[in-house]
Amino acid sequence: MAPIVRFAPSPTGDLHIGSARTALFNWLYAKHTGGQFLLRIEDTDAERSTTAAIDAIYEGLRWLGLAWHGDAVLQSKRAPRHREVVEAMLAAGNAYRCYCSPADLEEMRAQQKAGGLPMRYDGRWRDRDPADAQAGVKPVIRLKAPRTGETLIADQVQGDVRFAAEQLDDMVLLRGDGSPTYMLAVVVDDHDMDITHIIRGVDHLNNAARQMQIYLAMGWRVPVFAHIPLIHGPDGAKLSKRHGAQGVMEYEKLGYRPEAMRNYLAKLGWAHGDDEIFSTDQTIQWFDLPGIGRSAARFDYDKLRSLNGHYIQSADPAQLATEVLARVPRLPELDPAFAGQTIALHPQAAARIRTLIPDLAKRAKDMNELASNAAPFALAGPLPVDAKAEALLKPEARALLGRLVPVLSAVNDWSVTALDAAVRTLAEAESLKLGDVAQPMRAALTGRTTSPGVFEVLVALGRNEGLARLRAQAR
RNA sequence: GCUCCCUUCGUCUAUCGGAAAGGACGCCAGGUUUUCAACCUGGAAAGACGGGUUCGACUCCCGUAGGGAGCGCCA
């Protein structure tokens, strides 16, 4: 039977980068084994779940390229089925009503903590007569868990992990208002969805032991567990807002490409020998549970950037050019240097970007950098000259440009080689190094001190625009 | 406090009892060069600590330290 896995996030904000990796691992496993990848939204907490957050999950998964099978299951819609299961457990004597008030429980925990005891429900209503209940208390329904023995989780990543029965208390299955708890809902849903492998964060490892009790009580087949390590911030602490971007779509805004994210996230906690860069197809082919490590990994932005740069360089040039053109207009919101500016694309923008894209791609680690570097060729209107370029355009440099313009005007074949030859000849005649001429040219042509090669730029701009930009700064 | 998990260069990792402990990012140096990159070459850099087991431990066991997770009528 082909495996069926699921990604089961709770919709409480953006799709977190850690959750995204969990989704990726599940997706990879399904792809690798020819199984199915399902999506279930754990929205049973009505107060925290919003439709915007659900949409954010869809958006994040789509951007990452992780397609799920069929429609997402909304856990909140399955409450009747969850109650039905609890009724069955009640009937079988595997669950019971507990009439403790919140105050009772609080007091119990306080005493346990004070006495250095583990904080667990003590099972006081296990065999007590409901007639003893205080009036007005709506009972919760608790699982009647075994009090002796141990629960074994044969985890595919963590190995065999044992929990003594004394560690596990009688957890709540149904709340006082009749709504199901998470612990109950996951098990029922995973069972009903025929989930064969549960791949999720280690923060659920302890839960697995509790959930196992429900599988056992219902006589259900227990899925294979694989609890993967968490991602920490660069400082080793839990990944949080102060570490920067957390939601996957924030990475899109920062200019990271989905294929780079997939590669980076896969490498975080999973390895295939010494391989560092692998396509999604290769990852699918290689991915397997035994390759997953057990220790938490720190998020390393430098490495992500490096990978992203690699994928920018190796992207299909035509596709990349299209993406750049689409991103340039977003620059005011993505790059502080363009904040507040009005963006208008030049009629020749597409053509220029297409010819310059291989050169541009080598100089960018993210799509925003790429768009920013493309701006001098993509934008309409007067060319802005930044401070460093301005500093380069000293009077002597402007005079040099003045002597260069007629030389270039005389070039018939507007090509890199011909232009190169012409400029070199001029440089030699003036006993200058090529760089002495190239830098002022660059400043005049792009308004910046770094750019693709000046001859490539001249070709991309075309004779008229190229000469016009030089003339504008010449004297 | 109790339970569970983790620990190889700064970071991500390879190693599955016998190697000079390998790769990648980052860093440093050099080469190439019209800038910046890209690219090429070289370099510094690691088995937390203490005990065992073994002819032999990074690898297996125990302990210590450090880190993480869980202990809800949250998910």
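Chain letters run A, B, ... following the sequence lines, proteins first and then strands; every chain starts at 1.
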Checklist entry - Expressed as a whole number of Å, how far does the C1' atom of B:A37 sit from that of B:G31? => result 16 Å

Item to check | Euclidean distance, atom NE2 of residue A:His272 to atom C1' of B:G23 [Å, nearest integer] | outcome: 14 Å

Item to check | Base-pairing assignment for B:U8 (Watson-Crick or G-U wobble, both under 3.5 Å) | outcome: none

Checklist entry - Which class fits the ring pair A:His197 and A:Tyr29: parallel under 30°, tilted 30 to 60°, perpendicular over 60°? => result tilted

Checklist entry - Are A:Arg83 and A:Glu87 close enough, and set up right, to give a side-chain contact (heavy atoms from CB on, under 4.5 Å), and what steps lead you there? => result CA-CA 6 Å; A:Arg83 276 192 285 275; A:Glu87 287 304 323; 5.5 Å; no

Checklist entry - Just checking, any donor-acceptor pair under 3.5 angstrom between side chains of A:His272 and A:Asp288? => result no

Checklist entry - Nearest to the side chain of A:Thr181, which nucleotide is it out of B:A24, B:A75, B:U13? => result B:A75

Item to check | C1'-based separation of B:U15 from B:U7 [nearest Å] | outcome: 16 Å

Checklist entry - Which part of the nucleic acid does A:Arg200 contact within heavy-atom distance under 4.0 Å: base, sugar-phosphate only, or nothing? => result nothing

Next on the checklist: Under a 3.5 Å threshold, yes or no: a donor from one side chain and an acceptor from the other, between A:Asp170 and A:Tyr96?
Outcome noted: yes

Checklist entry - B:C9 and B:C58: how far apart are their P atoms, nearest whole angstrom? => result 14 Å

Next on the checklist: Only pairs with both distances under 3.5 Å count, Watson-Crick or wobble alike; so what is the partner of B:G70 in this structure?
Outcome noted: B:C2

Next on the checklist: Starting the side chain at C-beta, find the nucleotide from B:C4, B:U13, B:G26 nearest to A:Val161.
Outcome noted: B:C4

Item to check | For A:Tyr311, all residues meeting ring-ring contact (aromatic ring centres under 6.0 Å, His included), sequence neighbours excluded | outcome: none

Checklist outcome for this item: Checking N1-N3 plus N6-O4 or O6-N4 for Watson-Crick, or N1-O2 and O6-N3 for wobble, each under 3.5 Å, the partner of B:U15 is none

Item to check | Nearest-angstrom distance from the residue atom CD1 of A:Ile41 to P of B:A75 | outcome: 15 Å

Next on the checklist: Just N and O in the side chain of A:Arg109: are any of them under 4.0 Å from OP1 or OP2 of B:G1?
Outcome noted: no

Checklist outcome for this item: Under a 4.0 Å heavy-atom criterion, the protein footprint on nucleotides 32-44 of chain B, written with B, S and -, is --BBBBS------

Next on the checklist: Could you identify the nucleotide paired to B:A29, looking across every strand shown and requiring Watson-Crick or G-U wobble geometry with both distances under 3.5 Å?
Outcome noted: B:U41

Polar atoms only, N or O, under 3.5 Å: list the protein pairs with nucleotides 60-70 of chain B and their distances.
none

Next on the checklist: Under the criterion side-chain contact (heavy atoms from CB on, under 4.5 Å), I'd like the reasoning laid out for A:Phe25 against A:Arg200: C-alpha separation, chi angles, the key distance, then a yes or no.
Outcome noted: CA-CA 9 Å; A:Phe25 279 20; A:Arg200 74 226 306 188; over 6 Å; no

Next on the checklist: Base, sugar-phosphate or nothing for A:Cys100? Non-hydrogen atoms, less than 4.0 Å.
Outcome noted: base

Item to check | From CA spacing to verdict: salt bridge (Lys or Arg N to Asp or Glu O under 4.0 Å), A:Arg305, A:Asp366 | outcome: CA-CA 7 Å; A:Arg305 284 187 75 69; A:Asp366 67 61; 3.1 Å; yes

Checklist entry - Which base sits across from B:U64 as a Watson-Crick or G-U pair, both distances under 3.5 Å? => result B:A48

Checklist entry - Is there a donor in the side chain of A:Gln439 and an acceptor in the side chain of A:Arg442, or the other way round, less than 3.5 Å apart? => result yes

Next on the checklist: I'd like to know if the side chain of A:Arg294 pairs up with that of A:Gln158 as donor and acceptor (distance under 3.5 Å, no hydrogens or angles considered).
Outcome noted: no

